[in-house]
Amino acid sequence: FISQEAPRPKRVTCPQEMETRPKYYGREFHGMIPREYADQLLAGVEGAYLIRESQRQPGTHTLALRFGDQTLNYRLFYDGKHFVGEKRFESVHDLVTDALITLYIETKAAEYIAKMTTNPIYEHLGYTSLIKDKMVHRLSRARSEPRRVTFQREERISSPLLRRSALKDTPEKQCSYEKIHNFKVHTFRGPHWCEYCANFMWGLIAQGVRCSDCGLNVHKQCSKLVPSDCQPDLRRIKKVFSCDLTTLVKAHNTMRPMVVDMCIREIELRGMKSEGLYRVSGFSEHIEDVRLSFDRDGEKVDISASAYADINIIAGALKLYFRDLPIPVITFDLYSTFIQAAKIPNAECRLEAIHEGLLQLPPAHYETLRYLMAHLRRVTMFEKYNLMSAENLGIVFGPTLMQAPEQNALTTLNDMRQQKLVVQLMIEHEDVLF
């Protein structure tokens, strides 16, 4: 490999012991010497390095490194590990080794690196072929009962009746749950190749990034070009609650999170006439038990009356699921869109603005919200028994489904009325908005 041709690090030691030397540096520390003197000490030896204290900023340290017949100077930091950029190293020697490999490759193979992403193998090999095979299998298995989600085109409609007709008559769009990869910097043990461009991933540590949801390994620069086609691996999804909504449904190949389907099914089976449904709290210990059961057993969990006689426990678990989502059902990005829509005085324009906001939701969020609103509307049909009107349900679910991007108590307090109104209107006009 070209990386093996990189210069080896050569420590230039200080002949005398420096009293000002920090305990995390060795004899490569030369104290407060001028840049010119450091240049003389390193001259003519590729890969030579030393550490000096800055004369301009006492207390700060500089790594002087000889490469390409010149001395390169980097501000050096320590926070338990050594670093000059994003990567952190256990020793200065490892940092210099990695730096020399990177500098050598960037110098000798600059043109090659620039071309790395121009003809990627991503569409033809490895991860993508595997995912395509899985999807073909799933599609052939699901052909008998196609799953579709309705998305309406943007319209300007004057009458609510005309609006409903137009919205319902628009063609259905095949559900496509795109998901971006959840890349995190990763250190690979042994040689690894990028699964986007098929080129070697060089360096001692943090050679690239790995998707923590599906396991895709790529260069950091390649990660910006990988399409949003993450197919989460169930083995990597450790829990159900607090898991990103799209990640969960992609991993389980479902339209909606299993928690939503199973809890709503159970509530509609035996809880629609329960007074204060969703308003009355179940025992928090039992709700926590339901959460742990879902995380442990998934769709095999037992939430029947024999396991949890009080339906408020199931209702509480459903609310907890929505509250614990890292990205709320109505996403942070669209929070202000819905808040502003609720402030529109004209009822018809207000509905239109909410509808336009719904169309911008990620598909999995849209489908989950649609299903929940249809359920809550059915709950209001039993208001005579459960005393839960659309307004009451809006009070309960507003802060659960909508959370301000900035956790500001004053903002939350000021927006409570709009949060309630958005959910109330979605329940009352569910047949029109979705």
Side-chain angles (χ1 to χ4, degrees), residues 138 147-151 173-184 211-214 227-265 267 278 287 290-299 301 303 314-338 354 357-376 396-405 407 419 422-423 426 430 433-434:
R138 286 174 181 166
R147 294 167 169 168
R148 302 172 79 86
V149 178
T150 304
F151 293 85
K173 182 170 86 177
Q174 184 66 40
C175 173
S176 171
Y177 288 177
E178 283 195 349
K179 179 187 173 326
I180 61 172
H181 290 272
N182 185 18
F183 286 120
K184 290 186 167 70
C211 176
S212 57
D213 293 334
C214 71
S228 301
D229 61 355
C230 177
Q231 182 61 44
D233 186 339
L234 270 175
R235 292 170 298 180
R236 295 177 178 273
I237 308 300
K238 305 297 182 187
K239 53 189 176 179
V240 172
F241 277 65
S242 303
C243 177
D244 172 68
L245 198 155
T246 302
T247 299
L248 188 67
V249 297
K250 288 270 285 184
H252 289 272
N253 193 31
T254 57
M255 294 289 280
R256 297 169 297 275
M258 69 181 80
V259 181
V260 176
D261 280 9
M262 292 177 67
C263 287
I264 286 178
R265 192 181 309 127
I267 290 165
Y278 288 118
I287 291 171
V290 173
R291 182 185 73 80
L292 293 172
S293 298
F294 267 111
D295 284 345
R296 184 183 62 246
D297 303 325
E299 58 190 12
V301 66
I303 56 172
I314 308 305
L318 181 61
K319 289 189 296 180
L320 177 64
Y321 171 75
F322 287 126
R323 267 200 315 275
D324 279 0
L325 285 172
I327 301 175
V329 177
I330 292 177
T331 60
F332 293 127
D333 290 346
L334 292 171
Y335 178 82
S336 61
T337 299
F338 282 89
I354 290 173
L358 290 170
L359 293 182
Q360 296 176 56
L361 285 171
H365 288 243
Y366 175 95
E367 168 58 17
T368 300
L369 189 60
R370 180 199 68 77
Y371 191 76
L372 176 64
M373 291 303 118
H375 160 67
L376 294 181
V396 172
F397 277 95
T400 301
L401 300 176
M402 300 177 65
Q403 297 170 32
Q407 297 300 318
Q419 290 175 342
V422 167
V423 175
M426 286 193 295
E430 171 269 332
L433 291 170
F434 292 92

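One is the number of the first residue; the rest follow in order along the sequence.
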Would you confirm whether [X], through its side chain, and [Y], through its main-chain N or O, come within 3.5 Å as a donor-acceptor pair?
{"X": "D295", "Y": "V240", "result": "yes"}
{"X": "D244", "Y": "P326", "result": "no"}
{"X": "T247", "Y": "C243", "result": "no"}
{"X": "H365", "Y": "T246", "result": "no"}
{"X": "K319", "Y": "Y278", "result": "yes"}

With rounding to the nearest 0.5 Å, note down the distance linking [atom1] in [X] to [atom2] in [Y].
{"X": "I330", "Y": "L325", "atom1": "CD1", "atom2": "CG", "value": "12.0 Å"}
{"X": "Q403", "Y": "R323", "atom1": "CD", "atom2": "CZ", "value": "9.0 Å"}
{"X": "K239", "Y": "L248", "atom1": "NZ", "atom2": "CG", "value": "11.5 Å"}
{"X": "M426", "Y": "L358", "atom1": "CE", "atom2": "CG", "value": "6.0 Å"}
{"X": "L334", "Y": "M402", "atom1": "CG", "atom2": "CE", "value": "9.5 Å"}
{"X": "R265", "Y": "I314", "atom1": "CZ", "atom2": "CD1", "value": "12.5 Å"}

Within the 4.5 Å heavy-atom criterion, are [X] and [Y] side-chain neighbours or not?
{"X": "L372", "Y": "L401", "answer": "yes"}
{"X": "F294", "Y": "C263", "answer": "yes"}
{"X": "I264", "Y": "L318", "answer": "yes"}
{"X": "V249", "Y": "M255", "answer": "no"}
{"X": "C214", "Y": "P232", "answer": "no"}

Checklist entry - Should the pair D229-K179 be classified as a salt bridge under the 4.0 Å nitrogen-to-oxygen rule? => result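 Here D229 does not pair with K179 in a salt bridge, since their nearest N and O are not under 4.0 Å apart.
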
Item to check | Lys/Arg cation over aromatic F434: R370, 6.0 Å, 45° cone | outcome: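 No; the conditions do not both hold, so R370 does not lie above the ring face of F434.
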
Checklist entry - Any chance CG of L292 has more than 12 other-residue heavy atoms, nucleotides or ligands included, within less than 6.0 Å? => result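 Correct, the count exceeds 12.
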
Item to check | Check against side chain to side chain contact (heavy atoms under 4.5 Å, CB included), L361 and L369 | outcome: CA-CA 10 Å; L361 285 171; L369 189 60; 3.9 Å; yes

Of all heavy-atom pairs between [X] and [Y], which one has the smallest distance, and what is that distance?
{"X": "K250", "Y": "C230", "result": "CE-O, 2.9 Å"}
{"X": "V301", "Y": "S293", "result": "CG2-CB, 3.3 Å"}
{"X": "P227", "Y": "H181", "result": "O-CD2, 3.4 Å"}
{"X": "V260", "Y": "Y321", "result": "CG2-CE2, 4.0 Å"}
{"X": "M258", "Y": "G298", "result": "SD-C, 3.4 Å"}
{"X": "P399", "Y": "V396", "result": "CD-O, 3.8 Å"}

Item to check | side chain to side chain donor-acceptor pair (under 3.5 Å) involving Y335 - partner list, sequence neighbours excluded | outcome: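 Applying side chain to side chain donor-acceptor pair (under 3.5 Å) to Y335 gives D415, Q419.
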
Checklist entry - Is the F397 ring parallel, tilted or perpendicular to the F322 ring (thresholds 30°, 60°)? => result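 Answer is perpendicular, since the angle exceeds 60°.
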
Checklist entry - How far apart are the C-alpha atoms of D261 and E299, what are their side-chain angles, what is the distance that settles it, and do they pass the side chain to side chain contact (heavy atoms under 4.5 Å, CB included) test? => result CA-CA 10 Å; D261 280 9; E299 58 190 12; over 6 Å; no

